[in-house]
Asker: 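Below are the structure tokens for one structure; questions will follow.
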Number of protein chains: 4
Amino acid sequence: MDILAEKKKAIFESTLELIKENGFHGTPMSMVAKKACVACGTIYHYFDSKDTLIAELYAYVKKQMADAMFEGDDEQKEFKDRFYHLILSHCRFYIKHPNTLYFIEQYINSPYNNREPVKDNEQFQHRMWDFLKQGIDTGVLKPMNIHLLGILIHSHVVTTAKLYFSQRVKINEEDFPNIVQVIWDGVKNHSD
Amino acid sequence: MDILAEKKKAIFESTLELIKENGFHGTPMSMVAKKACVACGTIYHYFDSKDTLIAELYAYVKKQMADAMFEGDDEQKEFKDRFYHLILSHCRFYIKHPNTLYFIEQYINSPYNNREPVKDNEQFQHRMWDFLKQGIDTGVLKPMNIHLLGILIHSHVVTTAKLYFSQRVKINEEDFPNIVQVIWDGVKNHSD
Amino acid sequence: MDILAEKKKAIFESTLELIKENGFHGTPMSMVAKKACVACGTIYHYFDSKDTLIAELYAYVKKQMADAMFEGDDEQKEFKDRFYHLILSHCRFYIKHPNTLYFIEQYINSPYNNREPVKDNEQFQHRMWDFLKQGIDTGVLKPMNIHLLGILIHSHVVTTAKLYFSQRVKINEEDFPNIVQVIWDGVKNHSD
Amino acid sequence: MDILAEKKKAIFESTLELIKENGFHGTPMSMVAKKACVACGTIYHYFDSKDTLIAELYAYVKKQMADAMFEGDDEQKEFKDRFYHLILSHCRFYIKHPNTLYFIEQYINSPYNNREPVKDNEQFQHRMWDFLKQGIDTGVLKPMNIHLLGILIHSHVVTTAKLYFSQRVKINEEDFPNIVQVIWDGVKNHSD
DNA sequence: AATGAATGAGTTTTCATTCAT
DNA sequence: GATGAATGAAAACTCATTCAT
């Protein structure tokens, strides 16, 4: 799985880009084939069906995201610093990979999402949950369900990244810390 | 526009429900027709195309949402109370209308979104922006771009409503105030 | 039949124009209705079906053409002069009524033509046949089947009129006598 | 272009025959597919749309016609003999290929004709024009615009071929020379 | 007589998938 | 493994015709 066949990777990347542009249903397999410079039938050597391709692509980008997110995380640092670092890394990942951002958003909100849960690569999430749990246990974060917390934070990140690309509200990377402060103030425990 | 032809309304409601279940492309016009108890061709009497139907449906639900949101808002009350009331109304609207929730989420993240902007009913947004501006001017909220603020808040609401229906994290209406507190603490001005 | 109801005439004229522009199948009944400023159903008061409308329209224009053609014909004149007069009248009729020209040409070459022969208004043709027979009997025209002769002559007229409207070969009314001379030289008896 | 894929040719021939029988709009793609023994989608492998299919079919038959017409033409022969030979070849081509005859006639008189001019294969026409020019230059033909002359002659041929198949006027191949004489007498220069 | 909303069979076209090469 | 022509079910959309008003 680590060393993907060149072809397979080409198919993934083509699909990612085309879906961002045209959506799932504006992206026929023939178009993927052409962009990936393979034959139609070749895609079916690697993937059972279009659904499978998309589900596997989801896992593929999820893994990439996880790898990027915790890079540079330093467990020695203060919690707040680590929090800011993680959030900003996450934002920057989406900004570097808009295809991934839009693909994931479409995927999550489509009926694909509930078809076959594809054994979500939970490693990434577990690491996040551990981090959040530590924040709660040490009294830095509000005492809440960590899954709920994780999702609220992620939603904040996605919204920020989407705004970065939107035409209506123009923000840039310098605005990020202020935006992160919103979620930080939101989740931190103010009682102390 | 207020008194929609019965047929048109039936088409809207059928589409809304079917799209929630099956997505845009899992919802052929023939299926909409059957559910709305009209002939295929009748839909095309009211809408030029499937795209048009969906775009108009978006405007239709947006308006319903706007109407519901500010109901019961009391300008005499304290800002924080009004904030909580608005957020909770918004959450409850989505919870009462899951079809609308999922439709909007799919729509926003689909290529439909950027096709024909359909003169977004901005009235609702303007009222929200005025409210937020007042919060900033009186020093209650962080001094930020109100559009950005509005979107962050809305994203928080949507995430909450989606969690309500999710299988993975089980929350219920009693948890809402805590969740609202996260966004309130996030946007409020802590400098005082 | 002589005094057509206004509505019926409006339907005829609208159909004629639309078919010239868009052809039979680019001209839906709804379009005819709109252009004639009547309701869809109204057309069906006057005509059983689209096929009937078109067949009756064909008879309608055929009659108009016959009426125009022999106008000004003077039986006292010499045969050649009458021939030139008839041909030129015919050409000018088509040039004044291009909608009719193109409608007839489409009709004749379409499968409509052989469906229900609509008791072709043969009066016009009989008068022509009589004229040609007289030409043959007096030795002015080649001794040929008069039906054949009639059709060859008519085809020449139609071709001339179509050329008048074509972009590729630009002719105008001054060229007509020369063109008529071609058919005259063709059908006249050179043996004398 | 010379060696057409078998499938493509089958589609062409099926379309030609069906359109003769039923006209453009009485000939759905599914019917073409069935007659050509291919799947519906296969047609769209070779042609972008029904319009394209028909436009390309027009070019296809035009080329066949051109190839047939000048076969056996002997430049050493006298002009009149060559003229008769060319006209008779043309007539016989249409009589051998009635599908082509009726298809062309429908095409020319339909709105298809003016859509996309499909780079008319003008080679055939140029050869004809050269021939006519020579006739004029040597004083055999009337001094007229050669394009006009060409069209008048072609119209005469088409009319003759259509009569051959008509029920109303019964002619056969023996009548052809007499009919050709009409157009020959029409176009020849009688001044000498 | 006139209307025009409603019908639904029929049309063009698309596209995930297969399979002979 | 790789190809891409071929498949055909299913989709969006059209339009002649009807019928309640």
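Treat the numbers as computed from the prediction; the structure is a model and nothing was measured. Within every chain, numbering begins at 1; the chains are lettered A, B, ... in the order of the sequence lines, protein sequences first and strands thereafter.
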Asker: What integer distance in Å separates B:I43:CD1 from E:dA5:P?
Answerer: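 The answer, rounded to whole Å, is 16 Å.
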Asker: Between atom CD in C:E6 and atom P in E:dA2, what is the gap in whole Å?
Answerer: 12 Å
Asker: Looking only at side-chain atoms of D:Y46, point me to the closest of F:dA5, F:dC13, E:dA2.
Answerer: F:dA5
Asker: Checking all strands, does B:F47 fall into the base, sugar-phosphate, or nothing category for heavy-atom contacts under 4.0 angstrom?
Answerer: nothing
Asker: Take D:F24 and C:C37, find for each the nucleotide of DNA chain E with the closest heavy atom, and name the residue whose nucleotide sits nearer the 5' end.
Answerer: C:C37
Asker: Does any non-hydrogen side-chain atom of B:Y107 lie less than 4.5 Å from one of B:I19?
Answerer: no
Asker: What is the distance from CE of A:M31 to P of E:dT17, rounded to the nearest Å?
Answerer: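 Taking CE of A:M31 and P of E:dT17, I get 16 Å after rounding.
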Asker: Would you mind reading off the distance between B:K50 atom NZ and F:dT14 atom C1', rounded to a whole angstrom?
Answerer: 17 Å
Asker: A:M65 versus A:Y94: any side-chain heavy-atom pair under 4.5 Å?
Answerer: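 SC-SC contact between A:M65 and A:Y94 confirmed.
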Asker: Can you check the D:K34 NZ to E:dT11 P distance for me, whole Å?
Answerer: 12 Å
Asker: To the nearest Å, give me how far apart CG (A:D48) and P (E:dT18) are.
Answerer: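 Distance, rounded to whole Å: 9 Å.
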Asker: Is the distance from OP1 or OP2 of F:dA2 to the nearest side-chain N or O of A:K7 less than 4.0 Å?
Answerer: yes
Asker: Where the side chain of B:S49 is concerned, which of E:dA16, F:dC13, E:dT13 is the nearest nucleotide?
Answerer: F:dC13
Asker: Compare the minimum distances between each of E:dT17, F:dT3, F:dT7 and the side chain of A:V38, then state the nucleotide with the smallest one.
Answerer: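 So the side chain of A:V38 is nearest to F:dT3.
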Asker: Can you find an N or O donor on one side and an acceptor on the other, under 3.5 Å apart, linking the side chain of B:H45 with the base of E:dA5?
Answerer: no
Asker: Under 4.0 Å from OP1 or OP2 of F:dT3: is there any side-chain N or O of A:T42 that close?
Answerer: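 The answer is yes; a side-chain N or O of A:T42 sits under 4.0 Å from OP1 or OP2.
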Asker: Between B:F47 and B:F12, does the ring centroid distance fall short of 6.0 Å?
Answerer: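 B:F47 vs B:F12: aromatic centres under 6.0 Å.
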Asker: Give the ring-plane orientation class for D:H25 versus D:Y112, where under 30° counts as parallel, over 60° as perpendicular and anything between as tilted.
Answerer: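 D:H25 vs D:Y112 ring planes: parallel.
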Asker: Go ahead and name the base partner of E:dA1; Watson-Crick or wobble counts if both distances stay under 3.5 Å, otherwise write none.
Answerer: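 With both distances under 3.5 Å required, E:dA1 matches none.
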Asker: Return the 5'-most residue of the pair A:T27, D:M29 with respect to DNA chain E, ranking by each residue's nearest nucleotide.
Answerer: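 Nearest-nucleotide comparison on DNA chain E picks D:M29.
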Asker: Heavy atoms from C-beta onward define the side chain here; which of F:dC15, E:dA16, F:dT18 lies closest to that of C:Y44?
Answerer: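 Among F:dC15, E:dA16, F:dT18, the one nearest the side chain of C:Y44 is F:dT18.
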Asker: Residues in salt bridge (charged side-chain N to carboxylate O under 4.0 Å, His left out) with C:K50, at least two apart?
Answerer: none
Asker: Once you apply the 3.5 Å cut-off to both distances, tell me the Watson-Crick or G-U wobble partner of E:dA6, or none.
Answerer: F:dT17
Asker: In whole angstrom, give the distance that lies between atom CD1 of D:I11 and atom P of E:dT13.
Answerer: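 About 14 Å, once rounded to whole Å.
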Asker: Could you pick out which residue, A:A39 or C:H25, lies toward the 5' side of DNA chain F when each is mapped onto its nearest nucleotide?
Answerer: A:A39
